K.L.:
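Take a look at this one; I'll ask things after.
These numbers were taken from a predicted model, which means no experiment stands behind them. All values below come from the heavy atoms of this structure, side chains included, with hydrogens, waters and symmetry mates left out.
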Amino acid sequence: MPAPDEHDCDVVILGGGPAGYSCALRASQLGLSVVLVEADKVGGTCLHRGCIPTKALLHAAEVADLTRQGATFGVAAHFDGIDVDALSTYRDGVVNRMYAGLTGLVRQHGITVVAGHGSYLGGRTVQIDDARHTGRFLVLATGSEPQIPSTLQLSERIITSDQALTLQTIPARAVVVGGGAIGVEFASLWASFGAEVTIVEAQPSLLPAEDPWASKQLQRALTKRGICVRADTAIVSATERADGVTVELPGGDTLETDVVLIATGRAPRTSHAGLSEHGIALENGFVVTDDTLATSIEGVYAIGDIVRGLQLAHRGFGHGVFVAEHLAGLSPVPPSDEVIPRVVYSHPEVATVGLTEAAVRERFGMATAVVYDLSGNAKSQILGTTGGVKVVRAGGKADDGPVLGVHMVGDRVSELIGEAQIVVGWEALASEVGRFPHAHPTQHEALGEAMLALSGNPLHAHG
């Protein structure tokens, strides 16, 4: 640890998103004084322009779908369209309540919040307008921002997820550029709201980082919902007109649309904070860190989206808590991306944790995987969802090694990811997990059935 020098607090944190504010809260709990610098609102992109408002809209989309399907369940209902003003009021109400709760927590912990854009001055010092703050430690948590391909330029109709959240109308036609989590979620909710949606993905499949089984299941389900998926296709250009956008694809093919959503990933927000100018090592925009998330400057740490890896709010939470405990002199276990769950909240959902089957085979030479189809799960049939649960371990069929990956597709499977994470994180054997009776009727039974099948003892299985 660096020796204390002149400072006005124990920890200065640059950025008040999930990574930054979780670090601030935990550091305060451990008796450290904290200055939290935030240019916008505490909560960051996740709370105000990302996770929370998007999931509120996705829940509204689920209600729209259920309304259309009311007769299937014996409920007389009629879908008359989307009231955008009421939808915005609902979305903003959720965000505002969460924001009020978060600011109350920060205040309760005695954390000093400094509003303004912070610039790094070297050492452990940042400047905000005319003020400077120096900590015994400095934690960088400046987050990420939408990544814009060089072939596209933002405009009124060519937008990112930031602008998509505040549209005053539901587009009749939408082209989504990028088939990752953000693109799939917006495509899903717009389709539920009645839009004609096309996803254009440069890679051969949607969610290209996930297990191909999950990607295939998702694409099949979205196609069945009427969403057009153009995989292995790159956008050549997008030209805005007064009444729409013309999207040019390779080979001269074109798409006419009302709006183009750019969802090609997020870039670390590190270029305007003075990091590299004052000695912080960067690689392709990401801050270079060691296993303790320490940077190239003594006493300076980096957490969240600016550290290469999964750009997820809960990874940021893990980073923030770890660094706070490390700075307080504890011995926390460094967080690992391999046990961080990944969820796409589309219809259907995709929830995964751990390694893909291909990654297990590459690392261990052999992999065994089984899929339990949700058609055999009573609760899934009640909900009317299709999909499945895939579990993976190393070794052959006769082996009983730890479960290394869980991949699930289906409505509400995000609620199963907690158990799956514990199974993978604690390196449980499929035979051990399958031994526990899962509550009936729940979708958790599907996870239990998959574990039974992986251990060679399937129960509700045909053939």
K.L.:
Check the pair Leu249, Arg230 against side chain to side chain contact (heavy atoms under 4.5 Å, CB included), reporting the backbone distance first and the verdict last.
P.N.:
CA-CA 10 Å; Leu249 302 178; Arg230 302 284 295 264; 3.4 Å; yes

K.L.:
Which residues pass the side chain to side chain contact (heavy atoms under 4.5 Å, CB included) test with Ala302, not counting sequence neighbours?
P.N.:
Leu140, Val287, Thr289, Thr295, Ile306, Val307

K.L.:
Going by heavy atoms in the side chains, are Val288 and Leu282 under 4.5 Å from each other?
P.N.:
no

K.L.:
Taking all non-hydrogen atoms of both residues into account, name the closest pair between Pro250 and Thr233 and its distance.
P.N.:
CD-CG2, 3.9 Å

K.L.:
Is the closest side-chain donor-acceptor distance between Arg241 and Thr246 under 3.5 Å?
P.N.:
yes

K.L.:
Using the side chain to side chain donor-acceptor pair (under 3.5 Å) rule, pick out the option among His407, Lys390, Arg393 that qualifies with Glu357.
P.N.:
Lys390

K.L.:
Please list, one pair per line, the donor and acceptor atoms closer than 3.5 Å that link side chains of residues 146-153 to other protein atoms, with sequence neighbours excluded.
P.N.:
none

K.L.:
Counting only N and O atoms by type, is there a donor-acceptor contact under 3.5 Å from the side chain of Asp8 to the main-chain atoms of Thr134?
P.N.:
yes

K.L.:
Main chain of Gly178, side chain of Thr264: is a donor-acceptor contact present, judged purely on distance under 3.5 Å?
P.N.:
no

K.L.:
Can we say Arg173 and Glu256 salt-bridge, meaning some charged N sits less than 4.0 Å from an Asp/Glu carboxylate O?
P.N.:
no

K.L.:
List the atom pairs, donor and acceptor, that lie under 3.5 Å between side-chain atoms in residues 95-105 and the rest of the protein, sequence neighbours left out.
P.N.:
unit_1 : atom_1 : unit_2 : atom_2 : d
Asn96  : ND2    : Asp92  : O      : 3.1
Arg97  : NH1    : Gly93  : O      : 3.4
Thr103 : OG1    : Tyr99  : O      : 3.0
Thr103 : OG1    : Ala100 : O      : 3.0

K.L.:
Between the side chain of Gln163 and the main-chain N/O of Thr160, is any donor-acceptor distance below 3.5 Å?
P.N.:
yes

K.L.:
Can you tell me how far CG of Leu165 sits from NE2 of His48, rounded to the nearest 0.5 angstrom?
P.N.:
12.5 Å

K.L.:
Does any part of the side chain of Val139, heavy atoms only, come nearer than 4.5 Å to the side chain of Leu327, both counted from C-beta?
P.N.:
yes

K.L.:
Could you tell me whether the side chains of Ser188 and Glu185 share a donor-acceptor contact shorter than 3.5 Å?
P.N.:
no

K.L.:
Donor-acceptor pair, Arg342 side chain versus Ala351 backbone, under 3.5 Å?
P.N.:
no

